[in-house]
Amino acid sequence: MLKENVLQQLVSIVGPERCKTAKEDLLTYAYDAYAYEFRPDAVLFPKSSDEVSAIMQIASAHDIFVTPRGAGSGLGSEALAKQGGVVMCFTMMNRILEVNTANRYAVVEPGVVISELQKQVERHKLFYPPDPGSATVATMGGAVAMNAGGMRGVKYGVTRDYLLGLEIVLPSGEIMTTGTITTKDVTGYDLTRLICGSEGTLAVLTKIVVRLLPKPQTKRTLQAIYDKMDAAGTTVSKIIEAGIVPATLELMDKTIIKALEDFAHLGLPLDAEAILLVDVDGDFETVEKQAETVADFCREQGAREVRVSASEEENEQLWAARRSAFGAVARMRPNCMIEDATVPVSYLTSAIKKVIEIGERNNVLIAVLAHAGDGNLHPLILCDQRDSDEMERVHKSMDEIVDYALSVGGTLSGEHGIGITKSKYLTKQLSETGLRMMRGIRKLFDPQGILNPGSFLEDRQS
Amino acid sequence: MISEELREEVYKCIKCGLCMNACPVYKQLYFEGASPRGKVQLIKKVLEGKLEPSEYFHSLLFTCLLCENCSVNCPSGLKVDRLMKAMRAELERKFGLPWQKRMVFHLLRSSRLLPFAMFWGRTLGPTLLSMFAKSGKMGTIPYARFPRINPVPLAKQFPETISPDKPKAGRVLYFTGCATNYMFENVGRSVIAVLRRLGVEVIIPRRQMCCGLPIFLSGARQMALNNIHHNLEILGLEKVDAIIVDCATCGTALKKEYVHILEELGENAEPARTVAEKVLDISQYLSRFDLKKFLGPVQGRVTYHDPCHLVRSQAVKEEPRRLLKLIPELEFVEMNGADACCGGGGTFQWEHPDVAAGITRKKIEAIEQTRATLVASGCPGCRLQIHGNLESELIQVVHPVELIAKSMKQRESSS
């Protein structure tokens, strides 16, 4: 618990309106989009780097735990106060400070919602490519802290690939900047990319500089419909092998198709076993040609039908529906454990088969969704947390999926992060030396261990 | 008690957060308790007995416009607004209503006191208002920008049955609602003129009462029951083609809310279902006619604002636009975010003026960007809120049916 005098000091920084301690508020900051709840002792809403710095100074002086948080759309309790203390929430520090068209970069505060940035820069004919499924909810701060990926990863990469620089506040309260505003920069260690994906364990983000691209002239969305999941998986591997680079390449199985159709009523084919949703973008001529090539490819691999969307509006509807997949499956069961294991793309078909086999063998309902183009599987495990027997089977299935991904050279988590849900697997992928290096780095940034305690780096065995 | 069906709703929330970016209130306040996800999670705790409903929880439930953006954007189909309404009703028993609401609702549920109050409001209003500061506001709306009360209630200006001159093309009951009856008489006159021109017989049931929506959405369901039963009774009496409303809110009450409330209270909802099937917004009813030949030119540029209670509660989106586009020479222009809430939310703008002002500002900006001279909307609450916050005197706020009536008049006077 926070001591009254410490709380008073914190209130004096942000004011009573931006320091919440009512039980109701603490309950609403106990969850993210995953399953577990941890109640903080207070929630602070800073609006400037100076306020963040002042908060961290008090926290380090009194050994108060601080967990930074954005919109709370995380999938592994990363931004929850796992050991109590203060949640530092950035939703009120949400200005876009600059969109620089001459040098193609933008500077934002951490609370800016990703889709808001995308919309703003598109007005200047620019483009911020990283596009996680939760882009209309998640904040830029969260995206950087988690190195969020998303649907355009196959062509455009992930958050890390667009970071130029950061302003951060260290646990001690010191404010420092990393990187620059230029694309090229080899001055010293790349601390920018070290902070990116550190899950809030090294420093608190206060400003983010991202690189922007010129906005592609046009794009086309294709929907390839399959009677056999295998054929859909093979198409993906073949497209990548052939050197075609679609902007997105998403795969969904019949369970997902049904859930989306129930929500969005788009006329999706309910009898299909799988759909590939493919975007091609670029200038008019290339897009025209690529769309045809992709469509031919899909047909050759056994797509029953390939639909090309007629308008921008139809594109939007399809992608809005895809964004809703995680929420839409909640129509079926009360809880959804979303897996994130990622395999080399040539293993996609066998990985999907494996997931289906694991689900059937363990008697667990698994819907398959994938950012297929980069081998990033999202098996959605549908269950009811209130049923402990079922949950045991769910966890067994998750273990097996992870083991499979690692056995073919994949990774524990492609984009959701480790948090507390995957930390038990960490030693399967990282060596003792690797972990020691990471813990050493953390110690350097945060000698007192006050920032996001209980995170993935904590040694759970001891 | 909250019905079993609604109690299960909370388990549909997977906390994905898609409702948050859709919520106009959250986008002003930016804390979780103000968001639909936060409220659903708190309601879940209350229903599971893990949280004792407090004054603060109560106030969070009323930090909501009931605009239904969360409900229509929820991928798992959780009926957030129905859950909120049911929870408000639960809490009303514990916390009661604020005295201002108690006073107003007392008027709304009485068929004698309301006309009496309106009469004195009309007579003494200007004198009373002059006693307040000129710059004074009620919520976000300056006193000076409230419409005047009708000199005579609309229903008293017409016989109960208004027969058309020519052969009958239809027969409808007209539920005028309080706003048209006491404040927006030109809307009512327009509805009647248009229907007469089309050859439709209009019956305005003398004994209709307030639809009760402001009362029961504040949680006071028992208090509103008399209005509900009374209205259902008189609306069920006549054999008509349709029961028409010109008010999005009354329409929602008659089409949706009566059924939900009676079901949730375990009462017989059958009469409500029968009435609901007949209820049509005036824009829907007019879509049945070939209007083109009755319409003359109207000058100007019009944009349309979707009331929450039409576009989301009743899924009426295209009909009013089609009407406006039919009018010769009138230029129709779509505003950005036409279906975004205007921030009025009934009593919301008065309870949370700061939050409402931020939401309304966006709406006004969108309207001004269109450079329209007319804003049309089928909801008196929206018209009050938009007119009340417009700074330009050059933009007129109207009901779509007023423009149709004007267009018909043009045609008649020219032929």
Side-chain angles (χ1 to χ4, degrees), chain A residues 17-18 20 22-35 37 43 45 69 71-75 87 89-94 111 113 115-116 133-138 259-260 262-264 320-321 323-336 338 380 382 384-386, chain B residues 7-23 26-46 48 50-61 63 69-80 87 315 334 336-337 354:
Chain A
E17 281 290 300
R18 289 191 278 124
K20 300 202 185 282
K23 186 180 179 194
E24 288 79 1
D25 287 314
L26 302 182
L27 283 171
T28 56
Y29 282 90
Y31 55 76
D32 57 5
Y34 204 62
E37 296 188 6
V43 188
F45 298 85
R69 171 186 169 115
S73 54
L75 293 165
V87 159
C89 180
F90 281 90
T91 48
M92 295 184 190
M93 187 166 161
N94 59 354
V113 171
S115 65
E116 212 48 55
S134 58
T136 60
V137 188
L260 292 187
D262 282 352
F263 167 51
R323 275 179 206 294
S324 316
F326 174 54
V329 293
R331 285 166 186 267
M332 301 179 186
R333 302 296 309 277
N335 298 96
C336 172
I338 184 164
L380 302 172
L382 304 172
D384 189 339
Q385 264 187 318
R386 295 171 286 189
Chain B
R7 296 172 80 91
E8 267 305 302
E9 283 288 293
V10 295
Y11 296 102
K12 283 191 191 163
C13 178
I14 206 160
K15 298 173 291 180
C16 70
L18 282 183
C19 55
M20 293 161 74
N21 205 38
C23 173
Y26 173 73
K27 288 206 292 195
Q28 291 295 314
L29 295 171
Y30 287 110
F31 72 96
E32 188 81 20
S35 78
R37 174 173 77 170
K39 288 166 188 156
V40 168
Q41 290 305 313
L42 287 177
I43 291 173
K44 180 177 170 183
K45 294 282 180 209
V46 169
E48 287 177 345
K50 293 174 184 161
L51 176 68
E52 185 59 30
S54 62
E55 280 284 359
Y56 179 49
F57 172 68
H58 187 221
S59 78
L60 286 177
L61 284 185
T63 311
N69 270 300
C70 46
S71 298
V72 299
N73 279 290
C74 175
S76 78
L78 199 164
K79 303 176 197 96
V80 187
M87 198 70 221
E334 198 66 60
N336 273 333
D354 294 344

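Note that these values count all heavy atoms, side chains included, but never hydrogens, waters or copies made by symmetry. Order of the sequence lines sets the chain letters (A, B, ...), proteins ahead of strands, with each chain counted from 1.
- The side-chain heavy atoms of A:Thr91 and A:Phe45, taken from C-beta on, include a pair separated by under 4.5 Å.
- In terms of modelled atom types and a separation under 3.5 Å, the side chain of A:Arg331 and the main chain of B:Pro75 share a donor-acceptor contact.
- For A:Arg386, the part lying near chain B is the side chain, with the backbone staying farther off; criterion is any non-hydrogen pair under 4.5 Å.
- There is no contact between A:Glu17 and chain B, counting heavy-atom distances below 4.5 Å.
- The choice from A:Ser73, A:Cys89, A:Ala320, A:Gly72 that makes the most heavy-atom pairs within less than 4.5 Å of chain B is A:Gly72.
- Contact annotation for B:Phe57: both backbone and side-chain heavy atoms come within less than 4.5 Å of a heavy atom of chain A.
- Note: A:Tyr31 leads A:Tyr29, A:Tyr31, A:Phe326 in heavy-atom pairs under 4.5 Å with chain B.
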message: Working note: A:Arg69 + B:Glu32, criterion salt bridge (Lys or Arg N to Asp or Glu O under 4.0 Å); need CA distance, chi angles, decisive distance, verdict.
response: CA-CA 12 Å; A:Arg69 171 186 169 115; B:Glu32 188 81 20; 3.8 Å; yes

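- Contacts with chain B were tallied for A:Asp262, A:Leu27, A:Val329; A:Leu27 has the most, counting heavy-atom pairs under 4.5 Å.
- Looking at B:Lys50, the atoms closer than 4.5 Å to chain A (heavy atoms on both sides) all sit in the backbone: N, CA, C or O.
- Neither the backbone nor the side chain of A:Ser134 comes within contact range of chain B; no heavy atoms are under 4.5 Å apart.
- Rounding to the nearest 0.5 angstrom, the gap separating the NZ atom in B:Lys12 from the CD atom in B:Glu9 is 3.5 Å.
- Only the backbone of B:Leu29 comes within less than 4.5 Å of a heavy atom of chain A; no side-chain atom from C-beta onward does.
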Apply the test side chain to side chain contact (heavy atoms under 4.5 Å, CB included) to residues A:Val43 and A:Leu26: give CA-CA distance (whole Å), side-chain angles for both, the deciding distance (0.1 Å), then the verdict.
-> CA-CA 7 Å; A:Val43 188; A:Leu26 302 182; 4.1 Å; yes

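- Residue contact with chain B, scored on non-hydrogen atoms closer than 4.5 Å, involves the backbone and the side chain of A:Cys336 alike.
- Heavy-atom pairs under 4.5 Å with chain A peak, among B:Ile14, B:Leu42, B:Asn21, at B:Ile14.
- A cation-pi contact, defined as under 6.0 Å to the ring centre and within 45° of the axis, links A:Lys20 to B:Phe31.
- Using a 4.5 Å cut-off between heavy atoms, B:Leu18 touches chain A through backbone and side chain atoms alike.
- Of the two parts of B:Val72, only the backbone, made up of N, CA, C and O, holds a non-hydrogen atom closer than 4.5 Å to a non-hydrogen atom of chain A.
- B:Pro36 has its side chain within reach of B:Cys23: a pair of non-hydrogen atoms, C-beta onward, lies under 4.5 Å apart.
- For chain A, no part of B:Cys19 is nearby; none of its heavy atoms comes within less than 4.5 Å.
- A donor-acceptor pair is defined here as one N or O able to donate and one able to accept, closer than 3.5 Å; no such pair exists between the side chain of B:Lys27 and the backbone of B:Ala22.
- B:Tyr11 and A:Asp384 form no side-chain donor-acceptor contact under 3.5 Å, judged by distance and modelled atom types alone.
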